[in-house]
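Take a look at the structure below.
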Amino acid sequence: MRLGYACINESLKPKKFRSIRLKTIQTKGIDYLKYIVLENLEFLLEVLEWNSAHDIYFYRISSDIMPLITHPEVTALGWQWQKDKEVIDALDKIRVFKLKENMRLSMHPDQFTVLNSLRPDVVKSSMEYLVYHADFLEAVSGDDMILHVGGVYGDKPAAMMRFIHVANSLPDKVKTYLRIENDDKSYNIYELLSISEQTGLPVVFDFHHHRCLVDDHVTKDLLDKIFSTWTGIPKVHISSGKRHPKDRSHSHYIDDDDKSWVYMLEQYDVDIMIEAKGKEKTLLKLREDL
DNA sequence: TTTCGTCAAGCTGAT
DNA sequence: ATCAGCTTGACGAAA
């Protein structure tokens with residue numbers, strides 16, 4: 001069982017990943033974006049090395065590691081990171097280290113990735129964004145990317161049908177990495193299992209989202225069903241509410257009551273992503289508490 | 001060096 | 001109508 005955290009490493013501050021504004025790329029040129037990307041990849045390796053030194057073998061890479069990389073005005077500049085020797089070399093170093101350490105590397109495309117949006121332009125850019133994630137994961141030998149279903153617009157059955165249709169039409173290289181997750185407002189775990197049946201996409205179970213939206217008892221039968229959607233090692237998300245258990249806003253740490261989830265999972269071969277404001281510090285504390 | 005308005009992007013639900 | 005929240009505050013111009 002690997003415990004993981006997402007994106008930000010507080011211990012390495014003030015060093016951090018960099019982003020960039022569109023205007024800056026236009027002012028300073030595409031080479032400046034490339035410079036930021038290379039810096040970020042170098043720092044990613046540093047984060048992974050820090051993780052390994054602290055026995056952490058599961059990590060979510062920020063989608064912003066290559067900021068604005070699929071923006072039309074940036075792609076129009078003609079730079080293809082997939083074919084850039086220096087970028088390939090940097091990615092390759094990460095891949096070699098990742099494989100040597102047997103790490104799990106994930107990504108989580110942002111909230112504006114809506115495959116079943118009613119706006120065709122949103123669907124198109126979402127698909128392009130997923131291709132970027134798949135290319136990146138392929139380059140570093142990453143494991144998966146997680147997406148919410150979204151796009152309800154007051155008619156969930158229709159939204160689910162649209163999602164299934166678009167998901168099934170995705171390029172194979174995207175499908176290889178794509179996983180779907182239950183959320184805290186719209187799609188519960190049972191709906192996710194139904195979508196999984198019709199798309200073949202594995203389901204990531206988020207315990208906190210489940211509590212916010214459904215709040216029934218999580219049975220062994222349910223976990224078995226969820227994990228059977230996977231061919232590889234499944235993954236779940238845990239987090240605690242900030243002000244009360246059902247608070248959708250994430251707490252800094254994992255509440256004592258919620259540690260029971262980890263014990264519940266002991267009998268499975270499963271990785272746990274901790275979504276807490278305290279990041280890697282929350283992970284280290286949780287591991288100590290357990 | 002610090003402050004603070006702003007940053008590509010969608011959608012939902014609370015206020 | 002506005003805005004927090006979500007995978008995540010950081011960028012960068014101006015003081």
Side-chain angles (χ1 to χ4, degrees), chain A residues 4-10 13-28 32-33 35-36 39-40 43-44 47 58-77 105-130 132-133 136-137 142 144-156 159 162-163 166 179-188 204 206 208-209 212-213 235 237-239 241-244 246-252 273-280 282:
Chain A
Y5 68 99
C7 307
I8 293 170
N9 182 303
E10 305 269 356
K13 279 186 175 179
K15 209 161 172 205
K16 58 192 174 188
F17 292 104
R18 300 193 55 187
S19 188
I20 195 170
R21 297 283 168 266
L22 183 56
K23 199 175 162 196
T24 309
I25 299 175
Q26 286 160 344
T27 311
K28 297 195 176 182
Y32 189 66
L33 174 62
Y35 161 76
I36 297 283
E39 262 206 353
N40 280 348
F43 185 52
L44 173 58
V47 169
F58 181 20
Y59 177 71
R60 178 186 299 161
I61 300 168
S62 168
S63 298
D64 206 34
I65 190 142
M66 294 190 177
L68 295 169
I69 203 72
T70 60
H71 189 287
E73 290 188 38
V74 174
T75 55
L77 296 174
L105 292 181
S106 300
M107 297 181 90
H108 193 336
D110 311 57
Q111 66 275 15
F112 36 75
T113 316
V114 186
L115 283 183
N116 56 354
S117 172
L118 289 175
R119 289 172 46 191
D121 58 315
V122 172
V123 177
K124 182 168 174 287
S125 58
S126 295
M127 290 173 80
E128 287 164 1
Y129 201 47
L130 292 187
Y132 148 64
H133 282 79
F136 190 97
L137 287 167
D144 42 41
M145 56 169 132
I146 321 133
L147 200 62
H148 293 293
V149 180
V152 180
Y153 307 96
D155 186 349
K156 212 194 291 184
R162 284 200 308 279
F163 184 90
V166 177
R179 304 358 174 178
I180 48 177
E181 179 193 345
N182 61 310
D183 65 83
D184 53 5
K185 284 191 287 198
S186 306
Y187 296 89
N188 63 44
V204 172
D206 187 310
H208 182 58
H209 289 166
C212 290
L213 186 61
K235 153 169 90 172
H237 291 176
I238 63 169
S239 59
K242 192 175 184 176
R243 288 152 292 223
H244 51 91
K246 285 199 178 197
D247 190 348
R248 289 168 34 233
S249 195
H250 286 160
S251 156
H252 201 79
M273 171 58 65
I274 300 162
E275 294 184 323
K277 297 294 179 198
K279 299 293 168 185
E280 85 284 0
T282 302

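Only this structure's heavy atoms are used, side chains among them; waters, hydrogens and symmetry mates stay out.
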Q: Taking the six-membered ring for Trp and the full ring for Phe, Tyr or His, determine whether the centres of A/H209 and A/H148 are under 6.0 Å apart.
A: yes
Q) Side chains of A/Y59 and A/N9: donor-acceptor distance under 3.5 Å anywhere? A) no
Q: Spell out protein contact along nucleotides 8-15 of chain C as letters: B when the base is contacted, S when just the sugar-phosphate is, - when no protein heavy atom is under 4.0 Å; keep the 5' to 3' order.
A: BBBSS---
Q | Flag, side chain of A/S62 to backbone of A/C7, donor-acceptor distance under 3.5 Å | A | no
Q. If you look at every strand shown and take non-hydrogen atoms under 4.0 Å, does A/T70 touch a base, only sugar-phosphate, or nothing?
A. base
Q) Is there a donor-acceptor pair closer than 3.5 Å between any side-chain N or O of A/D110 and the backbone N or O of A/F112? A) no
Q: Grab the stems for DNA chain C, please: at least three consecutive Watson-Crick or wobble pairs, both distances below 3.5 Å, written as range with range.
A: B:1-7 with C:9-15, B:10-15 with C:1-6
Q) When the distance from NE2 of A/H148 to P of B/dA9 is rounded to whole Å, what number comes out? A) 20 Å
Q | Check: A/N116 side chain, A/A159 main-chain N or O, donor-acceptor pair, under 3.5 Å | A | yes
**Q.** Euclidean distance for P, B/dA8 against C/dA13 (whole angstrom)
**A.** 13 Å
**Q.** Separation of atom CZ in A/F163 from atom P in B/dG10, rounded to whole Å
**A.** 18 Å
Q | Distance between P atoms of B/dT6 and C/dC3 (Å, rounded) | A | 13 Å
Q: Return the value, rounded to whole Å, for the distance between atom CG of A/D247 and atom P of B/dA14.
A: 12 Å
**Q.** Sole residue of A/D64, A/I69, A/L68 in side chain to side chain contact (heavy atoms under 4.5 Å, CB included) with A/M66
**A.** A/I69
**Q.** Rounded distance in Å - CG (A/L213) to P (C/dC6)
**A.** 15 Å
Q) Separation of A/L68 atom CG from B/dC7 atom P, in whole Å? A) 13 Å
**Q.** Nearest-angstrom distance, C1' atom, C/dT8 to B/dC7
**A.** 14 Å
Q | A/K156 NZ/CZ over A/Y187 ring centroid, <6.0 Å and within 45° of normal | A | yes
**Q.** Whole angstrom value for the distance that separates C1' of B/dA9 from CG of A/L115
**A.** 14 Å
Q) Does one side chain, of A/Y132 or A/E128, offer a donor that lies under 3.5 Å from an acceptor on the other? A) no
Q. Strictly by modelled atom types, are A/H252 and A/T282 linked by a side-chain donor-acceptor pair under 3.5 Å?
A. no
(Q) What's A/H209 touching, base or sugar-phosphate or nothing? Going by heavy atoms closer than 4.0 Å. (A) sugar-phosphate
Q) Taking atom C1' in both C/dC6 and B/dC4, what distance in whole Å separates the two? A) 24 Å
**Q.** Separation of B/dG13 P from A/Y187 OH (nearest whole Å)
**A.** 10 Å
Q | A/E10 (side chain) donor-acceptor with A/E280 (main chain) under 3.5 angstrom | A | no
Q | Interatomic distance, A/L130 CG vs B/dG10 C1' [rounded to whole Å] | A | 14 Å
Q | Gap in Å between the two P atoms, one belonging to C/dG12 and one to B/dA9, rounded | A | 16 Å
